[in-house]
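Naming convention: chains lettered A, B, ... in sequence-line order (proteins, then strands); numbering from 1 in each chain. Side chains included, hydrogens not; waters and symmetry mates left out as well; all remaining heavy atoms used.
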There are 2 protein chains.
Amino acid sequence: MPGPKNPNSEDSTPESEHQELSGDRKIPAAVIKRLSLYTRALQNLERNKVEKVSSTELAKELGLNSAQVRKDLAYFGQFGVPGFGYPVGELRKKLKHILGTDRKINVALIGVGHLGKALLSYGGFNRQGFRMRWAFDIEVRDKTIGAEKVPVYNISELEQVVRRENIELVILTVPAEAAQGIADRVVGAGVSAILNFVPKRIQTPPHVKVHYVDLAIEMESLSFYLR
Amino acid sequence: MPGPKNPNSEDSTPESEHQELSGDRKIPAAVIKRLSLYTRALQNLERNKVEKVSSTELAKELGLNSAQVRKDLAYFGQFGVPGFGYPVGELRKKLKHILGTDRKINVALIGVGHLGKALLSYGGFNRQGFRMRWAFDIEVRDKTIGAEKVPVYNISELEQVVRRENIELVILTVPAEAAQGIADRVVGAGVSAILNFVPKRIQTPPHVKVHYVDLAIEMESLSFYLR
DNA sequence: TAGATTGTTAATCGATTAACAATC
DNA sequence: TAGATTGTTAATCGATTAACAATC
C-alpha cells in the first residue's frame, strides 16, 4: 500500500540489524509476514515428526507459489538441499532467529476499552514468545484484567514503566483522537514496534514499524462480496 | 498474496453484482479495502461539516497517493467535479451503497473460545451496519455472551439457524482442526463471506470470499523490526 | 478568463511466477 | 547414474504513480 513518498513507516525500509543478515537488500514487509507463516507451518510439521519439506509442499499448505517460498528464504541464506528439500527443525530454528522470536518480547497494551479488554483476556498474545503483562489507561477501573491478571497502570506512568520493564512492543487500542499522542509518547520512551488497532493512521519516525489491524475495514470490505 | 492459480478465494475474482457497476473489469481486493477507508474518512469529514474534499486531501489523510484515490473511485463511476473535488456527503452515500453497507448484515460467530468470547464482548461489530447476534460452539457453557447478550447455540443447530436468520457473514474463531469442516458447513448453508481468525487456510468455492486476520503473524512479523 | 482538480493514459515500479542450470 | 529439488535469473504480471488534457 505505501510507497517511497509515504510518510508513514508501515512497510518502509527498516534499518534493523536483521536486514543485514544477507547483504543490504531491502526486504519487503510481505516477505517477513510469509516468513512468519513458514515458521508456523514448520512447527506443525515438526509436531507431526516430519523431518524434511520441499518448497512445493510448503507452498501448497499455505496457498502460495513454490518459487516464492524459495525466493523468500533465499533473502536470508541457503537453507535447502537440492534434490531433497529443507530440514524442518533446522529451518524452523533459523527462521525463528531471523524473526527474533527465539526470545521473550515484552508487550504492553494501551487503552483498556472494550477491544483492549477483549484482547487482554484473550491471552493469545502470551504464547509464542510474547509477554503481554502491562496495560495502561487514563482511568484505572479494574486493577487487573483477565485470567492472566494483567495489571492496569495509569497512563501517567507510561514512560517510566516502559523504560523500567523494557517494553519493546505496544498494542494500541485507544480512541482515535488519542492515538497520535500516545504513539509519540511510547516512541519517545523507546518503543519501536506498534500493533495499531485504532482506525487512524499514526505518524512515526522511520525506525518505528507500525502494523495496522482494522477489523471494521475487514468486515466492511467483505460486505462488498455478498451476493 | 494469492495469484490466479491460488485455489483459495481470497482476492480471487468475485462475480458479485457490484463488479458490474462500472463495466466488467476485475476489481482488486485492495481497491475494495481502500473504498472502505475512504468511506470512513468521508464520515469523519461529514461529522465536521466539511462539504467537499479533493483527492489530494483524502490521500494525505490516509497516507495514500492522490492518483490512487482518483483511480480507485473511477472503477465505480465519476463522482468528482473537475476544479472542485468530491462532494463529501454524496460520495459517502454512494460508496456505502457500492460496499453494500447501507443495509444491516447478519453476522454469526463460530467458536466461543477465548478469542471468540473476546470478540463477542468487544461489541464493535454491532456498529456500522452489522448485526452480530448469533454465536455457536460445540459446547454451550454460557447461554449468552457479553453486554449485548449474544445467545450461544449448539453447533448442531448451525445450518438451521443460519438459514432461518439469514446470516450472511460468519466470523470463524474455532480450533484449526475444525476450521475446514465448519467452513464447509456454513458455505453449504448459504454463507458467502467469512472473516477467518483461525491460523489455517480454508478451501472454499469461488463465490465465497474469505478474509484472514492473523494476530500471531502480525505480532511475529513486528518482532523482526525490533532493534 | 485563470485556477484548480478531475478522469485517464502512459510510465514506472515492485512483486510474483516460470524456467532451468547447478547440485545433492 | 537417474531423479528430485534447490537457488537464481529472466519473463510476466499487476499495482502504483506521474503527467496532462479535459472540465468546471
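Remark: B:E168 engages A:R227, B:R103 in a side chain to side chain donor-acceptor pair (under 3.5 Å) (not counting sequence neighbours). By the side chain to side chain contact (heavy atoms under 4.5 Å, CB included) test, B:P199 pairs with A:R40, B:D214, sequence neighbours left out. Looking at residues two or more places apart in sequence or on another chain, you find no side chain to side chain contact (heavy atoms under 4.5 Å, CB included) involving B:S121.
Annotation: the span from B:K94 atom NZ to B:E90 atom CD amounts to 4.0 Å, rounded to 0.5 Å.
Regarding B:I27, its CD1 atom lies at a distance of 12 Å from the P atom of D:dA15, rounded to whole Å. When the P atom of D:dT17 is taken as reference, atom CG of B:L64 falls 8 Å away, rounded to whole Å. Taking atom CG of residue B:N65 and atom P of nucleotide D:dA19, one finds them 11 Å apart after rounding to whole Å. Residue A:L35 contributes atom CG, which lies 15 Å from atom P of C:dA15 at whole-angstrom precision. In this structure, CG of B:D72 is placed 17 Å from P of D:dG14, rounded to the nearest angstrom.
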Item to check | Base-pair map of DNA chain D as dot-bracket, where | denotes pairing with a different strand and pairs are Watson-Crick or G-U under 3.5 Å | outcome: ..||||||||||||||||||||||
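Between A:Q180 and A:D184, the side chains place a donor N or O and an acceptor N or O closer than 3.5 Å (distance only, hydrogens not considered).
Counting heavy atoms of neighbouring residues, nucleotides and ligands inside a 6.0 Å radius, atom CZ of B:R131 exceeds 12 of them.
When each of B:V198, B:I202, B:L195 is tested with B:Y212 by the rule side chain to side chain contact (heavy atoms under 4.5 Å, CB included), just one qualifies, namely B:I202.
Listed in residue order, the members of residues 87-94 of chain B having a heavy atom less than 4.0 Å from DNA chain D come to none.
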Checklist entry - How does each nucleotide of nucleotides 1-8 of chain D score, in 5' to 3' order, for protein heavy atoms under 4.0 Å: base (B), sugar-phosphate only (S), or none (-)? => result ---BBBBB
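Contact check, B:R34 against D:dA15: no side-chain N or O comes under 4.0 Å of OP1 or OP2.
With hydrogens and angles ignored, the 3.5 Å screen pairs a side-chain donor or acceptor of B:S223 with a backbone N or O of A:L99. Using a distance-only test at 3.5 Å, with no hydrogens or angles considered, a donor-acceptor pair links the side chain of A:N65 to the main chain of A:A67. Distance alone, capped at 3.5 Å, places no donor-acceptor pair between the A:T173 side chain and the A:F197 backbone.
Salt bridge A:K33/B:E218: present, at least one basic N to carboxylate O contact under 4.0 Å.
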